[in-house]
Amino acid sequence: MSYQPPPRRPGPPPRQGPGYGRPQGGARKPPYHQTQMLPLPGQEQRRDYGPPPRRDDYNQPPPGRDEGYPPPPPRRPRRRPRWGRRIGITFLILLLLIAGGFFWMDTSLNRVAAIEDYPGRPAEAAGTNWLIVGSDSREGLTPEEQAKYNTGDPTSKLTDTIMIAHIPDNDTKPTLVSLPRDLRVEVPGHGRKQINAVYSLGEAPLLVKTVEANTGLRIEHYAEISFLGFAGIVDAVGGVEMDIPEKMVDRQTGAVIPAGKQTLDGVQALAFVRMRKSDATPRSDLDRVVNQRKFIGALAGEMASPGTLLNPFSLFPMIGEATDALTVDEGDHLWHLASLGFAMDGISDGGTVTTTVPVTSGNAHDMDDARSEQLWTALREDTEIPADVIEN
């Protein structure tokens, strides 16, 4: 038997169609993501579960298991914004900020031990009495500021503005009384002096004792303001509107204030309340104290106006300027000053009585004892001031 060679292994099939490895008809191979793995031995053919369920189908029971299948939990409703709660929290935060700001400003007030107890001090009476002092001290002013405000003698420590503000406990009107700068009074331990020089002898404590000794009124509160502080408060409220009846020219400082309705800034306001040597103030200091009371009323009205109190951009600069400008007694606080400000707001509309202490002559050197005592008695007893005692 002859040797037969083994059959040859068949080669690859001949190329068919226009593309390599393509079946006839030009159909392509299925894509990779459409291929399926062959089942492993002992496993069933892979089931076709169809397309993935839609979003809403997750809350439906599987097909064929409707009976006895618990219903799906209800969808949790979308939480609506609680605007009332948000507004309440915002309002509370604003209140805390305002309270904190007022507390900080109250602690920032300049304080001095102005009111002291001593033997023979007047007893407490009706109402509350403030001593308001305008000091012409140049302390802290630069040479440029002294020239700007026409302050004069740089060594002076006089009080050219002295007033008593009485706030009653009943329904009588508040009262603002001016004490002329040249008024001669008995100064404890120093004899008879002009009242504007008392501050230079013993500063605030001696001035309070002097006023109490010559009026019989018990002073409970003290407020002092300087040149720079006064001008700063006026500028902080945006100026004060005044109606000047006639042109004012100060022969001493050269300051000029035209006639008519206008808004005075800090420099002009300072010139207005200090002016006494001009044709517009023929009674000198008696006319000046009248102008001072008019301006304080206009300033208090500006500070208490809704445009200032309801506008934080005006309110807080004003309070900040006031805390820097004012010096008060150790027992005084910001709310005491607010009470004083609201009482003085009535000057412009007649809600506050304004007067100068009765004097014997135009030079305002001596008090008229009889008429002055009627004034002090009315204040001590919270009664109406007799009309013939009021001087303007």
Side-chain angles (χ1 to χ4, degrees), residues 106 109-135 159 161-180 183 185-190 195 198-199 201-225 293 296 300 326-347 351-358 367-386 389-391:
D106 180 67
L109 281 170
N110 303 306
R111 288 184 166 86
V112 64
I115 301 175
E116 302 174 349
D117 280 326
Y118 55 90
R121 187 184 180 196
E124 293 185 7
T128 301
N129 297 310
W130 280 81
L131 182 60
I132 304 172
V133 175
S135 170
T159 51
T161 302
I162 303 175
M163 299 181 181
I164 298 173
H166 178 78
I167 304 175
D169 292 332
N170 53 22
D171 58 355
T172 57
K173 295 180 179 181
T175 304
L176 184 63
V177 182
S178 296
L179 303 179
L183 190 68
V185 295
E186 291 293 332
V187 182
H190 296 274
I195 195 169
V198 176
Y199 189 89
L201 298 175
E203 298 192 344
L206 182 60
L207 182 58
V208 171
K209 291 179 182 179
T210 300
V211 171
E212 289 183 336
N214 287 269
T215 64
L217 299 175
R218 186 184 182 96
I219 302 298
E220 287 92 3
H221 302 281
Y222 176 84
E224 176 188 327
I225 189 168
R293 294 195 299 266
I296 288 178
L326 289 172
T327 298
V328 297
D329 181 63
E330 292 178 337
D332 293 329
H333 296 280
L334 207 58
W335 49 90
H336 295 135
L337 291 170
S339 174
L340 174 65
F342 283 116
M344 296 302 100
D345 182 30
I347 293 177
T352 299
V353 177
T354 64
T355 183
T356 304
V357 61
M367 276 193 287
D368 184 326
D369 293 334
R371 298 171 64 217
S372 297
E373 186 55 34
Q374 293 182 60
L375 172 63
W376 308 138
T377 300
L379 296 182
R380 281 193 296 268
E381 298 176 356
D382 266 0
T383 57
E384 187 175 351
I385 299 174
V389 172
I390 298 176
E391 295 280 354

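By convention here, the first residue in the shown sequence is residue 1.
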Identify the heavy atoms of [X] and [Y] that sit nearest to each other, and give their distance.
X      : Y      : result
Ala223 : Trp130 : CB-CZ3, 3.9 Å
Pro205 : Ala113 : CG-O, 3.3 Å
Val208 : Ala114 : CG2-O, 3.6 Å
Gly351 : Pro174 : O-CD, 3.5 Å

Task: Contacts of type salt bridge (charged side-chain N to carboxylate O under 4.0 Å, His left out), residue Glu384, not counting sequence neighbours - done: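 None.
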
Task: Residues forming a salt bridge (charged side-chain N to carboxylate O under 4.0 Å, His left out) with Glu330, sequence neighbours excluded - done: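 Once residues adjacent in sequence are excluded, Glu330 has no partner under the salt bridge (charged side-chain N to carboxylate O under 4.0 Å, His left out) criterion.
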
Which residues pass the side-chain contact (heavy atoms from CB on, under 4.5 Å) test with [X], not counting sequence neighbours?
X      : value
Thr215 : Ile164, Val211, Leu217, Trp376
Ile390 : Val353, Thr355, Ile385, Asn392
Thr377 : Glu373, Arg380, Glu381

TODO: Evaluate the criterion side chain to side chain contact (heavy atoms under 4.5 Å, CB included) for residue pair Met344 and Thr352; output intermediate values, then yes/no.
DONE: CA-CA 7 Å; Met344 296 302 100; Thr352 299; 4.2 Å; yes

Is there side-chain contact between [X] and [Y], with heavy atoms separated by less than 4.5 Å?
X      : Y      : value
Glu203 : Val112 : no
Leu207 : Ile162 : yes
His166 : Val177 : no
Leu109 : His333 : no

Task: Within residues 109-133 or reaching into it, pairs that qualify as salt bridge (Lys or Arg N to Asp or Glu O under 4.0 Å) - sequence neighbours excluded - done: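 Counting only pairs at least two positions apart or across chains, the salt bridge (Lys or Arg N to Asp or Glu O under 4.0 Å) contacts touching residues 109-133 are Asp106-Arg111, Glu116-Lys209, Asp117-Arg121, Asp117-Arg218, Arg121-Glu212.
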
Point-to-point distance, once rounded to the nearest 0.5 Å, from [atom1] of [X] to [atom2] of [Y]:
X      : Y      : atom1 : atom2 : answer
Ile132 : Leu179 : CD1   : CG    : 11.0 Å
Thr161 : Ile296 : OG1   : CD1   : 7.5 Å
Leu326 : Leu334 : CG    : CG    : 9.5 Å
Ile219 : Thr210 : CD1   : OG1   : 11.0 Å
Thr128 : Leu379 : OG1   : CG    : 12.0 Å
Asp382 : Thr172 : CG    : OG1   : 4.5 Å

Open item on the list: Please verify the inter-ring angle class for His336 with His221; under 30° counts as parallel, over 60° as perpendicular, anything in between as tilted.
Closed with: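 Tilted: the ring planes of His336 and His221 meet at 30° to 60°.
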
With sequence neighbours left out, write down each residue that passes side-chain hydrogen bond (donor to acceptor under 3.5 Å, both in side chains) with [X], or none if nothing qualifies.
X      : result
Asn214 : none
Asp329 : none
Asp171 : none
Thr356 : Arg293

TODO: Mark yes or no for whether Asp332, through its side chain, and Leu337, through its backbone, hold a donor-acceptor pair below 3.5 Å.
DONE: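 Not a single qualifying donor-acceptor pair exists.
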
